[in-house]
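Residue numbers start at 1 and run along the sequence shown. Fair warning: this is a prediction, and the values are worked out from it, not measured in the lab.
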Amino acid sequence: MQVTETLSESLKRGFTIVIEEKQLAEKRNKRLEEMGHQMNIPGFRPGKIPLAVVKQRYGENVQSEVLNEAVTGAIQSTLEERGLRAAAQPQITLKDGYKEGDDLEFTFEVELIPDFEVPDFKGINLTRLKAKPDDEALNKALESIAERQRDFKDIEEKRPAVKGDILVVDFVGKVDGVAFEGGTAEDVNVEIGGSGFIPGFAEQIEGLTPGEEKQITVTFPENYQAAQLAGKEATFDIKAKGLKEAVTPEINDEFAKKVGLESLENLKSLVGKQITSEYDQMSQMRLKRDILDVLAEKVSFEIPAGLLDAEFDQIWQRIEEDRKADRLDEEDKAKDEETLKADYRKIAERRVRLGLLLVEVGRLNSIAVTEEELTQAMRSEAMRYPGKEKEVIEFFQKNPQAIDSLRGPIYENKVIDYILELANIEDKEVNAEELAEMPASKV
């Protein structure tokens, strides 16, 4: 194999490679012979099929397979021998006019992962904010549980529905006068003044008395889960059937037993642990952001243009979607497009640089994601779709790219945890409000 370097420009490298036909022929013949030993063709003894017959049937497939392996192997050995690491897939060009029997000549260009020095993590000083649940937070959580355990009692008095009442209704939803799928229901409990229905639905049935009927008009949100209804105006024919009032249970030992615990003290203990866990997650998120901010200041090296462009394109696609849906924050709305692109390109640059740093730290310290961790992540993701757990697991098993979407965050967190173990961290007690005051981050 002959290798000639044709490009050496910053992080870009280019090579021309020539592989002699003799090497390719050896690989082709070996593969054809292996296939001949495994084939069964009428008129030939097993394992005694002539090479010419095998080639006639499978020669093109074997040639394609051998070329792919030769090109891939040549690129890999070329980079390894020079201590180079590709940042993305190489761009490969075969010499025009190649046919079987010729020496294989091709060129490839590739962007490289840069060499850079990993900072000393032992010199990093950080403050970890810690909070404990107080009585107010505990009582609020208990009240929330009690709210979800409400009973509904019929109101015998025939009167108009007011805020806080539960109005029992039948309804038929229509778009352009035609009933739509999923828009018809009977005996539905609608809380007047509550949430959970289409905006404007509960508000317009306030004041209805059981037995009355009314038609209302609402507009589905742009991000409504049923895409065929998103942003559309619809009418609903409403028939009020009954009134109920919500009765929230008293928070005591009896209530604790109702939710499956022995006593109110047991319930308080469990809720306290859950709140503590939430605070710890917030604390860890803040610490993670802080360490990334520090690392971003400590490292500065050239990054591959291809990785930067890909990251920026991904970010900008989200920005365009947010702009169409009017979800941009006020600060971004005030910027012209050139300024906005410049700002988000800086964010993309930071992300790529930090990503390369974390990968390098993981590589140098043999940090990897285990199969057990991936399996646990798949199960956690599947649990988000009750009743469809099996389908979700099968989807991940059949789609390697989906698996990679789970592997990335796990790997990043493991590397960051490794860095945090080396850093100097001082704990500071704060209240829940101070812990939650983490400025919004675009990174």
Once side chain to side chain donor-acceptor pair (under 3.5 Å) is applied, do any residues pair with Tyr385, and if so which ones, sequence neighbours excluded?
none
Ring pair (Phe, Tyr, Trp, His ring centres under 6.0 Å) with Phe171: which residues, sequence neighbours excluded?
Phe201, Phe236
With side chains defined as the heavy atoms from C-beta onward, is the minimum distance between Asp293 and Arg350 less than 4.5 Å?
yes
Just wondering, do Asn431 and Asp134 contact through their side chains at under 4.5 Å, heavy atoms?
no
Does Thr276 reach the main-chain N or O of Gly272 with its side chain, forming a donor-acceptor pair under 3.5 Å?
yes
I'd like to know if the side chain of Arg289 and the backbone of Met285 have a donor-acceptor N/O pair within less than 3.5 Å.
no
I'd like to check the side chain to side chain donor-acceptor pair (under 3.5 Å) partners of Asp253; sequence neighbours left out, ordered by chain and number.
none
Mind checking salt bridge (charged side-chain N to carboxylate O under 4.0 Å, His left out) for Glu105 and listing every partner two or more places apart, or none if nothing turns up?
Lys95
Are any of the side-chain heavy atoms of Val71 and Ile17 separated by less than 4.5 Å?
no
Heavy-atom side-chain contact between Asp343 and Ile347 under 4.5 Å:
no
Beyond-backbone contact of Glu206 with Lys163, side-chain heavy atoms, under 4.5 angstrom:
yes
Donor-acceptor pair, side chain of Asn365 and main chain of Ile367, under 3.5 angstrom
no
Between the main-chain N or O of Gly14 and the side-chain N or O of Thr6, is there a donor-acceptor pair closer than 3.5 Å?
yes
Does anything in residues 352-363 pair up under side-chain hydrogen bond (donor to acceptor under 3.5 Å, both in side chains), and if so which pairs, sequence neighbours excluded?
Arg85-Glu360, Glu349-Arg353, Glu360-Arg363
The criterion is salt bridge (charged side-chain N to carboxylate O under 4.0 Å, His left out); which residues satisfy it with Glu320, sequence neighbours excluded?
Arg323
All heavy atoms of Ala146 vs all of Ile251, minimum pair found to be CB-CG1, 4.1 Å
Should Lys333 and Glu330 be marked as a salt bridge (charged side-chain N to carboxylate O under 4.0 Å, His left out) after you check the CA-CA gap, both sets of side-chain angles, and the distance that decides it?
CA-CA 5 Å; Lys333 286 180 181 179; Glu330 295 303 319; 3.5 Å; yes
Lys99: which residues meet the salt bridge (charged side-chain N to carboxylate O under 4.0 Å, His left out) condition with it, sequence neighbours left out?
Asp102
Quick one: list whatever passes salt bridge (charged side-chain N to carboxylate O under 4.0 Å, His left out) with Lys258, sequence neighbours left out.
Asp151
Would you please say whether a donor-acceptor pair under 3.5 Å links the side chains of Glu372 and Gln376?
no
Does any non-hydrogen side-chain atom of Tyr279 lie less than 4.5 Å from one of Gln281?
no
Taking Gln204 for its side chain and Thr217 for its backbone only, find out whether a donor-acceptor pair lies under 3.5 Å.
yes
Give a yes or no on whether a salt bridge exists between Lys288 and Asp417, defined as a side-chain N under 4.0 angstrom from a carboxylate O.
no
With a 4.0 Å cut-off on N to O distance, would you call Arg128 and Asp290 a salt bridge?
no
Would you say Ser269 and Asn266 are linked by a side-chain donor-acceptor pair, where the criterion is simply a distance under 3.5 Å?
no
For Tyr411, ring pair (Phe, Tyr, Trp, His ring centres under 6.0 Å) partners two or more places apart
none
Counting only N and O atoms by type, is there a donor-acceptor contact under 3.5 Å from the side chain of Asn424 to the main-chain atoms of Lys122?
yes
Salt-bridged, Glu191 to Arg150, with N to O below 4.0 Å?
yes
Looking at Lys341 and Glu338, does any basic side-chain N land under 4.0 Å from a carboxylate oxygen?
no
Is Leu374 close to Arg407 at the side-chain level, that is, under 4.5 Å between some pair of heavy atoms?
yes
Polar side-chain atom of Ser144 near backbone of Lys140 as donor-acceptor pair, under 3.5 Å:
no
Salt bridge between Lys55 and Glu100, side-chain N to carboxylate O under 4.0 Å?
yes
Start with the C-alpha distance between Glu34 and Arg31, add both sets of side-chain angles, then the distance that settles salt bridge (charged side-chain N to carboxylate O under 4.0 Å, His left out), and finish with yes or no.
CA-CA 5 Å; Glu34 290 172 351; Arg31 179 66 180 130; 3.5 Å; yes
Result block: side-chain N/O donor-acceptor pairs under 3.5 angstrom for residues 301-312, not counting sequence neighbours:
from: Glu302; atom 1: OE1; to: Ser10; atom 2: OG; distance (Å): 2.9
from: Glu302; atom 1: OE2; to: Ser10; atom 2: OG; distance (Å): 2.3
from: Asp309; atom 1: OD1; to: Arg345; atom 2: NH2; distance (Å): 2.5
from: Glu311; atom 1: OE2; to: Arg351; atom 2: NH1; distance (Å): 3.4

Sequence neighbours excluded, which residues qualify as side chain to side chain contact (heavy atoms under 4.5 Å, CB included) partners of Glu21?
Leu24, Ala25, Arg28, Tyr98, Asp103
Pair Arg384 + Glu381, salt bridge at N-O below 4.0 Å:
yes
In the structure I gave you, are the side-chain heavy atoms of Asn68 and Val66 within less than 4.5 Å of one another anywhere?
no
Could you check whether any side-chain N or O of Ser77 sits under 3.5 Å from a backbone N or O of Gly73, counting only pairs where one atom can act as donor and the other as acceptor?
yes
Taking Arg318 first and then Asp322, would you say they form a salt bridge - that is, a charged N and a carboxylate O separated by under 4.0 Å?
yes
Identify whether the distance between the nearest side-chain nitrogen and carboxylate oxygen of Lys335 and Asp332 falls below 4.0 Å.
yes
Tyr224 meets the ring pair (Phe, Tyr, Trp, His ring centres under 6.0 Å) criterion, sequence neighbours left out, with Phe220
